[in-house]
Amino acid sequence: MSELLAKITAPADLQQLTDEQLVQLTQEMRDELVRVLSIRPAHFASNLGVVELCLALHLTFDFSRDRLIWDTGHQIYPHKLITGRFPMFGTIRTRGGLMGYPNPHESHYDLFMTGHAGCSISCSLGLKVGDELLGSGDHHSVAVIGDGALPSGIVFEALNNASGLGKNLLVILNDNKMSICPRVGGLARTLDRARLTDFYQDTKRHMSKLPSKVPLLGGVANQTLHQLRDGLKALFTGGMLFEELGFRYIGPVDGHDLPGLRKWLRHVKDQRGPVLLHVLTEKGHGVPQASEDPVTYHTPPVFEKVGPERTILSLKRGGSKAYTDAASSAIYQALKDDPRVAVITAAMCQGNKLEKVREDFPDRFFDTGICESHAVAFAAGLAKAGMRPIAAIYSTFLQRAYDQLFQEVALQNLPVTFCLDRAGLTGPDGPTHHGAFDTTYLRAFPNFVVMAPGDELDMTPMLHFALNHPGPAAMRYPKAGLEKVERGVAPVELGQAEIFEWGPDGVLIAYGSLFPTCVKAAERLRQEGVELGVINARFAKPLDRQTLLRAVEQLPLVVSVEEGTLEGGFGSALLEAANGAGLDTRHIIRLGLPDRFIEHGERPELLAELGLDVNGICNVVRRQSSALRELQNVAR
Ligand SMILES: Cc1ncc(C[n+]2csc(CCOP(=O)(O)OP(=O)(O)O)c2C)c(N)n1
């Protein structure tokens with residue numbers, strides 16, 4: 001039952017609730033998370049963990065004017081529930097429904113549409129400074145960032161800048177000891193130390209009382225005691241790091257004790273200068289299975305059975321194999337075959353299904369944390385030393401490493417292999433996660449080989465090719481079930497497309513994931529008397545100019561099909577090549593993602609809407625073929 005939750009139309013309504021009612025509200029919010037997420041895969045454990053923190057923040061600040069940024073934004077569900085979106089909560093992550101991330105189009109309580117980690121402190125600082133410069137009032141500015149996102153380089157750039165500016169900025173470190181997988185690296189150890197601080201807290205209290213008890217000692221004694229206190233901090237807490245960076249560090253405090261949290265937030269609300277409040281939470285709090293196994297329950301499959309008291313009795317597992325499975329098996333084999341091969345993930349071991357690689361090749365598996373730019377430069381270093389690194393990074397997250405792709409990899413022409421998972425439409429995550437731009441952003445760089453397997457059968461040979469190529473090579477594959485086009489597969493060779501069929505009425509040139517769809521479309525059109533060929537392009541760079549330009553020259557219709565942006569993508573490469581060769585390009589049609597951000601929804605439904613399914617492709621060909629026939633008749 002959502003008796004109280006249903007009455008919260010805006011955060012101001014929270015002020016009417018008693019402490020007991022607030023406790024009841026936390027239960028109702030968790031019940032609602034379980035109810036909705038039981039039927040729809042979505043971020044689960046992270047949201048369960050921040051219910052009290054979310055309430056405490058909205059009870060302490062007025063975010064209709066103050067500024068709140070949830071880093072990454074995957075833990076925004078409790079915030080959505082109490083900012084007027086409870087009635088629509090059941091639509092979350094469905095086409096036309098609420099987004100699974102902050103969305104300013106949904107609510108003025110969401111300031112930025114985000115999904116990538118790490119930028120909350122920078123944005124909050126910008127908001128603070130902007131508000132001040134414009135004299136638009138004294139708005140509090142708050143960033144909530146997880147310990148998983150904390151190691152991102154940009155976070156330290158922001159902390160450094162915030163401290164330099166000395167602005168009133170509140171950073172809340174939501175420390176649940178987890179990224180998606182357990183957090184890694186030196187910072188993780190620093191934060192672990194901060195948990196051992198009962199001693200520190202007690203000592204600090206006693207020390208700060210001391211000067212008033214020994215007034216005769218005056219200033220010198222005071223200074224000495226402060227130094228002693230700081231020394232203790234250095235010894236016993238992770239907070240010293242933040243203090244050294246110029247932040248006032250407070251904590252760690254219990255993130256599930258709502259009255260306690262409110263007290264701390266009231267305390268820090270009017271502190272001057274940048275403050276970091278370290279809050280300890282439990283990922284999955286309130287659902288035993290989720291808190292025991294937060295990795296699985298980060299984004300679990302739908303629940304098969306839910307018992308009383310939010311007990312999840314079983315998850316619906318299984319389903320067909322995905323491209324990610326094929327990639328992870330190929331990567332595993334590559335590590336087995338060649339001791340120079342190493343694999344790097346930026347906190348996506350689980351998403352990339354690399355757990356077995358992590359287990360069996362611990363020396364050559366590297367989880368950098370959410371640090372894509374470092375991951376790419378690190379891979380460049382490995383390659384320079386003679387290794388054959390594979391950077392397994394989602395298409396969308398690789399954007400965070402653009403300059404390292406340019407300078408450390410492309411410019412040095414180093415043999416780094418990029419496995420770009422989630423290339424294309426990623427479905428319910430929406431615009432922050434669609435891998436729309438990689439073909440465009442990679443093909444701009446000299447030396448880069450840019451590829452996409454047409455189907456499952458291309459996956460292993462393409463990885464093998466990349467690992468044996470002497471320069472950088474990227475392969476993109478979708479978040480989708482594996483598909484296979486039965487054929488005698490041509491070997492993967494540099495800049496060679498694979499001709500599946502050569503049709504007299506035209507050709508579909510598929511770059512990557514939509515090759516099987518093109519084959520189906522051609523089959524359907526054949527039944528209607530249109531004889532189309534299909535080419536599995538495989539390479540966007542270098543392009544198979546010989547094959548593709550022959551098609552442009554000889555065939556009346558050429559349709560390029562890609563699951564990526566049309567701006568500068570594979571179709572653009574084809575047009576450029578045809579134009580460069582002085583060919584007529586008017587019969588080239590490009591299909592792909594239009595020049596706008598694509599909303600969230602299921603991948604097949606988005607593909608259909610964009611005309612990238614069998615129907616859509618057939619319709620384009622039908623329209624074009626009849627237009628061409630008409631033209632030919634007129635010419636006769
Ligand atoms: C730049 C970037 N890389 C990777 C991800 C994938 N990702 C989403 S949530 C997450 C873990 C975040 O951990 P933390 O910030 O501690 O939040 P928690 O889920 O533990 O609350 C990761 C790696 C991302 N969103 N953005």
Side-chain angles (χ1 to χ4, degrees), residues 11 14 49-73 75-76 78-79 82-83 102 109-112 114 117-133 136-147 149-150 152 154-176 191 194 237-255 257-281:
L14 297 171
V50 296
V51 171
E52 286 82 8
L53 178 58
C54 175
L55 289 178
L57 279 165
H58 280 283
L59 281 159
T60 311
F61 296 87
D62 173 8
F63 291 115
S64 63
R65 48 190 306 285
D66 291 332
R67 312 296 207 160
L68 173 63
I69 311 255
W70 295 91
D71 197 275
T72 315
Q75 75 297 56
I76 193 124
H79 167 95
I82 58 166
T83 50
Y109 286 97
D110 298 4
L111 296 177
F112 283 80
T114 59
C119 285
S120 59
I121 305 176
S122 305
C123 292
S124 300
L125 181 63
L127 284 162
K128 181 75 199 166
V129 173
D131 284 341
E132 278 183 13
L133 286 174
S136 46
D138 187 16
H139 307 296
H140 294 279
S141 203
V142 183
V144 182
I145 184 163
D147 54 312
L150 187 73
S152 313
I154 188 172
V155 171
F156 286 83
E157 295 170 29
L159 292 173
N160 179 51
N161 194 196
S163 144
L165 291 172
K167 300 291 176 194
N168 299 345
L169 177 74
L170 175 59
V171 174
I172 297 191
L173 172 57
N174 171 31
D175 177 359
N176 56 23
L191 295 182
T237 82
M240 190 62 185
L241 174 73
F242 303 108
E243 296 249 342
E244 286 288 338
L245 275 166
F247 270 67
R248 175 116 202 264
Y249 169 84
I250 296 172
V253 304
D254 180 351
D257 165 15
L258 185 51
L261 261 183
R262 292 178 71 184
K263 192 190 83 184
W264 281 111
L265 285 174
R266 279 197 298 272
H267 174 67
V268 295
K269 187 175 178 186
D270 294 313
Q271 295 273 342
R272 312 303 297 166
V275 176
L276 186 135
L277 178 65
H278 188 174
V279 176
L280 303 183
T281 61

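Residue numbers count from 1 along this sequence.
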Between [X] and [Y], is any pair of side-chain heavy atoms under 4.5 Å apart?
{"X": "Phe112", "Y": "Cys119", "answer": "no"}
{"X": "Arg248", "Y": "Arg272", "answer": "no"}
{"X": "Ile172", "Y": "Leu57", "answer": "yes"}
{"X": "Leu261", "Y": "Leu55", "answer": "no"}
{"X": "Asp147", "Y": "Asn176", "answer": "yes"}
{"X": "Val50", "Y": "Val144", "answer": "no"}
{"X": "Cys123", "Y": "Leu111", "answer": "no"}
{"X": "Thr83", "Y": "Pro11", "answer": "yes"}

Working to the nearest 0.5 angstrom, can you tell me the gap between [X] [atom1] and [Y] [atom2]?
{"X": "Thr114", "Y": "Trp70", "atom1": "OG1", "atom2": "CH2", "value": "12.0 Å"}
{"X": "Ile145", "Y": "Ile121", "atom1": "CD1", "atom2": "CD1", "value": "4.5 Å"}
{"X": "Leu68", "Y": "Ile76", "atom1": "CG", "atom2": "CD1", "value": "7.0 Å"}
{"X": "Ser120", "Y": "Asp71", "atom1": "OG", "atom2": "CG", "value": "3.5 Å"}
{"X": "Leu53", "Y": "Leu277", "atom1": "CG", "atom2": "CG", "value": "8.5 Å"}

ring-ring contact (aromatic ring centres under 6.0 Å, His included) involving Phe61 - partner list, sequence neighbours excluded
Phe63, His140
Suppose we screen for ring-ring contact (aromatic ring centres under 6.0 Å, His included). Which residues come up paired with His278, at least two apart in sequence or across chains?
Tyr249
Could you tell me which non-hydrogen atom of Ser124 sits nearest to which non-hydrogen atom of Ile69, and how far apart they are?
OG-CG1, 3.5 Å
Write down the atom of Val155, the atom of Gly118, and the distance for their closest heavy-atom approach.
CG2-O, 3.5 Å
Return the set of residues passing side-chain hydrogen bond (donor to acceptor under 3.5 Å, both in side chains) with [X] (not counting sequence neighbours), or none when no residue passes.
{"X": "Ser141", "value": "none"}
{"X": "Thr281", "value": "Asn174"}
{"X": "Glu52", "value": "Arg30, His256"}

So does Asp131 get a backbone contact from the side chain of Ser136, meaning a donor-acceptor N/O pair under 3.5 Å?
yes
Check the pair Val279 / Trp264 against side chain to side chain contact (heavy atoms under 4.5 Å, CB included), numbers first and verdict last.
CA-CA 10 Å; Val279 176; Trp264 281 111; over 6 Å; no
Suppose the criterion is salt bridge (charged side-chain N to carboxylate O under 4.0 Å, His left out): which pairs have a residue in residues 260-270, not counting sequence neighbours?
Asp19-Arg262
Between side-chain atoms of residues 156-171 and protein atoms elsewhere (two or more places apart, or another chain), which donor-acceptor pairs fall under 3.5 Å?
| unit_1 | atom_1 | unit_2 | atom_2 | d |
| --- | --- | --- | --- | --- |
| Ser163 | OG | Leu245 | O | 2.7 |
| Lys167 | NZ | Glu132 | OE1 | 2.9 |
| Asn168 | OD1 | Gly273 | N | 2.7 |

Restricting to salt bridge (Lys or Arg N to Asp or Glu O under 4.0 Å), what partner residues turn up for [X], sequence neighbours left out?
{"X": "Asp175", "answer": "Arg183, Arg195"}
{"X": "Asp62", "answer": "none"}
{"X": "Asp66", "answer": "none"}

Sequence-distant partners of Pro274, side-chain contact (heavy atoms from CB on, under 4.5 Å), two or more places apart
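Pro274: side-chain contact (heavy atoms from CB on, under 4.5 Å) contacts with Phe247.
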Who passes side-chain contact (heavy atoms from CB on, under 4.5 Å) against Asp138, sequence neighbours left out?
Lys128
